[in-house]
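Ligands are counted one by one from 1 in listed order, and the atoms in each one are counted from 1 as well. Just so you know, these numbers use all the heavy atoms, side chains as well, and skip hydrogens, waters and symmetry mates.
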Amino acid sequence: MSRVVITGGTVVDQSGSRAGDVAIEDGRIVEVGTGLSGDRVLDATGCIVSPGFVDLHVHLREPGKEEAETIETGSRAAALGGFTAVVAMPNTDPAQDSVAVVEFVRQQGRRAGLCEVLPSGCITIGRNGDALAPFGELAAAGVHLFTDDGNGVQDPQLMRHALEYAGPLGIVLAQHCEVAALTKGAVMHEGSCCSRLGLPGWPALAEELMLFRDIELVRLTGVPMHFLHLSTARSVELVRRAKADGLPVTAEATPHHFTLTDEMLDTYDAVYKVNPPLRTRADIDALKAGLADGTIDAIATDHAPHAPHTKEAPLDQAPPGMLGLETAFALANTELDLPIERVLAVLSWQPAAIAGVADRHGRPVQVGEPANLAVIDPSHEWTVEPTRLASKSRNTPYAGRVVRGKVRHTIFGGEPVVVDGNATR
Ligand SMILES: [Zn+2]
């Protein structure tokens, strides 16, 4: 049995911060202390040893669009980003609305062996918004998060039934908030920038109306709900009030929504097209305030790879979405004015709880716990270079940007899957 030791770092988790080496055997942490030795030593000088990150929102494109990403390449990008678990969105082809498809996704994740791939399930069959997916069967197969991501569930009566069905099963419904009737043909945020460029707009209201409706459905049913990729200042305020009312709601924000504004579309470059769209400086400030005061529970990437030829199409034809896994920690570390403990909370243990994997991810770094860890250097500056990313696609909006904070090692199930910034498999 080999013993891996992470030496010279500072452990930071939900119970605080302390210097210490971490020894791992057989998938678990067996010792935390000073002067530890082992068969394999990973240097963590100047680094933070954190519980591994959990991404509630990734598109791995398999099955169906393997030219953009596979579960293996997406898992590698995740590991390089410090993630030990990712929730795979269900807008695959076929969609993740049956036990056969979710089992396939989970198996491909196991085969890659770089992080835990947690398949989500659809709320409606085929994500068509007509009939509910078989929640009971999917829950029995281990699915915890259900969403039609890419689409919001438009019918309020169907959404009410979905919550009533979900409640006794203990599963969580996650909404992509978008009233489709308000966003037909939309390319970017509806605002002054959009009218100047003459492009069709995606109004903030389209997100806020569905969010308001669903908060009221949570109030009616008492069933928990998670809100995906919130992007507007009023959305943050709606969630803040819902939480003040004691409602069981959680929410996530993406790095692109707290770092980029709609003005990026001045370039007409489809790399900046995303759904929901990039918004305004005031929305960025509100998202940051929401992350700071606990209104927003998690940073999720909405990692959305697209093959190059599709993103080279004109704005109105190019698909929305951008890469996120390999830059998330650096952007949070660089752009959020938060103590590192808060950054780690929204990247690790808080999303682990929402994903239903708090028994094995986002655990405190202590003896007996599963060894799912990220070792990060918070002061390491680097330049984002699309060609150096592990994702199969290149659609990052951060090409050439200098960021601070890099993942040095990632330990998944006790195995070093990233060592010195390189994937080991
Ligand atoms: Zn979405």
For the ring pair His303 and His59, is the centre-to-centre distance below 6.0 Å?
no
Is a donor from one side chain sitting under 3.5 angstrom from an acceptor on the other, for Arg281 and Thr261?
no
Contact flag His57/the Zn ion (ligand 1), N/O/S atoms, threshold under 2.8 Å
no
Below 2.8 Å, can you find an N, O or S atom of Asp149 next to the Zn ion (ligand 1)?
yes
Thr259 side chain to Pro255 main-chain N or O, any donor-acceptor pair under 3.5 Å?
yes
Residue His176 atom name (nearest to the Zn ion (ligand 1); N/O/S)
ND1
More than 12 foreign heavy atoms under 6.0 Å from CG of Asp359: is that the case here?
yes
